[in-house]
Undergrad: 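First the structure, then my questions, so here it is.
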Amino acid sequence: MLKGINQADNRLLSVIQHYGCYFLTLAEASPVVYKGDEGCQRLNGIWSKATDLGIISGDINHDGDLDDDGEAEIQDATALAKMLGLKVKYDGKHHNADEAIPANVLVVIGQYWWISGHFVLLNKSKKVTFDSYGKSNTVKNGRLKTMRFFFAD
């Protein structure tokens, strides 16, 4: 769970501030509390370690940025969830927005789309319960495109 931390927090790594909505949404779903300076340091460390391990993709083409296709993307959501303190398993599918959420799903991450994509935490009624920016324009003006389901491990 995040306390006093959002995606615009300048204590977070720049890459998290720009591309970390899925990461922060998993952190919010976690029973581990990430709070203040210490929480930001822990999140930065988890991101860096996950990138080193290939769980999150890094600078694939070695051009010094992380804005190219396939960069700063979660490659193993189950492994990242575990690093953040969640005991869940991602089913590896992008479920359609109109699909029913099974009763045994513990965490639902929705991808909203407007000008670009943005990940948020959803409840079983598909209502946004966490937006890493607070109230993003993507959620305000966009629509739910897909969902990721995480089951008990």
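By convention here, the first residue in the shown sequence is residue 1. Note that the structure is a prediction, hence the values are computed from the model and not measured.
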Undergrad: How far apart are the C-alpha atoms of K126 and I101, what are their side-chain angles, what is the distance that settles it, and do they pass the side-chain contact (heavy atoms from CB on, under 4.5 Å) test?
TA: CA-CA 8 Å; K126 301 179 188 176; I101 299 171; 3.7 Å; yes

Undergrad: Might you work through the side-chain contact (heavy atoms from CB on, under 4.5 Å) test for M83 and I55, ending with a clear yes or no?
TA: CA-CA 10 Å; M83 290 178 78; I55 294 168; 3.6 Å; yes

Undergrad: For the atom pair OG1 (T51) and CD1 (I74), what is the distance rounded to the nearest 0.5 Å?
TA: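 Reported value, rounded in 0.5 Å steps: 9.5 Å.
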
Undergrad: Given the rule that I, L, V, M, F, W and Y join up when any side-chain heavy atoms are under 4.5 Å apart, are V33 and I16 in one cluster?
TA: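 Different clusters.
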
Undergrad: Do the ring planes of F119 and Y22 sit parallel (below 30°), tilted (30 to 60°) or perpendicular (above 60°)?
TA: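 Tilted.
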
Undergrad: Please identify which of these residues, T129, D131, L24, meets the side-chain contact (heavy atoms from CB on, under 4.5 Å) condition with L121.
TA: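 Result: among T129, D131, L24, T129 is the only option passing the side-chain contact (heavy atoms from CB on, under 4.5 Å) with L121.
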
Undergrad: Are Y90 and I109 close enough that some pair of their side-chain heavy atoms sits under 4.5 Å apart?
TA: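 Not touching, per the 4.5 Å side-chain cut-off.
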
Undergrad: Hey, mind stepping through V88 and T78 against side-chain contact (heavy atoms from CB on, under 4.5 Å) and telling me if it holds?
TA: CA-CA 7 Å; V88 294; T78 297; over 6 Å; no

Undergrad: Give me the one residue out of W114, Y112, Y133 that meets side-chain contact (heavy atoms from CB on, under 4.5 Å) with V139.
TA: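 Exactly one candidate clears the test, Y112.
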
Undergrad: Around atom NZ of K82, are there more than 12 heavy atoms of other residues, nucleotides or ligands at under 6.0 Å?
TA: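 Above 12, so yes.
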
Undergrad: Closest approach of L26 and A77, non-hydrogen atoms and distance?
TA: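 Smallest heavy-atom distance, with atoms named: CD1-O, 4.3 Å.
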
Undergrad: Between S132 and N6, is a side chain to side chain donor-acceptor pair (under 3.5 Å) present by the stated rule, with each step listed?
TA: CA-CA 5 Å; S132 61; N6 67 31; over 6 Å; no

Undergrad: Do the side-chain N and O atoms of N137 and H118 include a donor-acceptor pair separated by under 3.5 angstrom?
TA: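 Checked: N137/H118 side chains show no N/O donor-acceptor pair below 3.5 Å.
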
Undergrad: If you look at every heavy atom in F130 and V120, which pair is closest and at what distance?
TA: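 Answer, listing the atom of F130 first, then V120: O-CB, 3.2 Å.
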
Undergrad: First locate atom CZ of R143, then atom OG1 of T138, and finally report the distance between them rounded to the nearest 0.5 Å.
TA: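 The distance works out to 12.5 Å.
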
Undergrad: Within a strict 4.5 Å, meaning less than it, do heavy atoms of the R148 and Q111 side chains meet?
TA: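 When only atoms from C-beta onward are counted, Q111 and R148 do touch, with a gap below 4.5 Å.
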
Undergrad: Quick check against the 3.5 Å criterion: does N96 have a side-chain atom that pairs as donor or acceptor with the backbone of E99?
TA: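 Side chain of N96 to backbone of E99: no pair is present.
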
Undergrad: Quick check: closest heavy atoms across G4 and R11, and the distance to 0.1 Å?
TA: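 G4 and R11 have their closest heavy atoms at O-NH2, 3.3 Å.
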
Undergrad: Looking at every heavy atom in both A27 and L84, which two are closest together, and how far apart are they?
TA: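 Scanning both residues completely, I find the closest heavy atoms to be N-CD1, 3.8 Å.
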
Undergrad: Is the closest side-chain heavy-atom distance between L122 and M147 below 4.5 Å?
TA: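 Result yes, sub-4.5 Å side-chain heavy-atom pair found.
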
Undergrad: Does one hydrophobic cluster hold both L80 and M1, with members joined at side-chain heavy-atom distances below 4.5 Å?
TA: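 Different hydrophobic clusters.
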
Undergrad: Using modelled atom types and a 3.5 Å cut-off, is there a donor and acceptor pairing between side-chain atoms of K89 and backbone atoms of A152?
TA: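 Absent.
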
Undergrad: Given W47, which of Y19, Y34, F23 fulfils the ring-ring contact (aromatic ring centres under 6.0 Å, His included) condition?
TA: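 In the set Y19, Y34, F23, the residue that makes a ring-ring contact (aromatic ring centres under 6.0 Å, His included) with W47 is F23.
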
Undergrad: For L144 and G110, work out which heavy atoms get closest and say how close.
TA: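 Residues L144 and G110, closest heavy atoms: CD1-CA, 3.8 Å.
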
Undergrad: For K93, is the NZ atom crowded, meaning more than 12 foreign heavy atoms sit under 6.0 Å from it?
TA: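 Result for NZ/K93: open.
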
Undergrad: Would you please classify the geometry between the F151 ring and the F149 ring as parallel, tilted or perpendicular, with 30° and 60° separating the classes?
TA: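 Ring orientation, 0 to 90° scale: perpendicular.
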
Undergrad: Passes side-chain contact (heavy atoms from CB on, under 4.5 Å), L12 versus N44? Steps please.
TA: CA-CA 6 Å; L12 294 171; N44 290 340; 3.8 Å; yes

Undergrad: Ignoring hydrogens, what is the shortest heavy-atom contact between S48 and L13? Give both atom names and the distance.
TA: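 Here S48 and L13 meet closest at OG-CD1, 3.7 Å.
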
Undergrad: Heavy atoms, side chains only, cut-off 4.5 Å: are L86 and P31 in contact?
TA: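 In short, these two side chains touch, coming nearer than 4.5 Å.
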
Undergrad: Would you find a donor on one side and an acceptor on the other, under 3.5 Å apart, between the side chain of S30 and the backbone of V32?
TA: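 Side chain of S30 to backbone of V32, a donor-acceptor pair under 3.5 Å: yes, one is there.
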
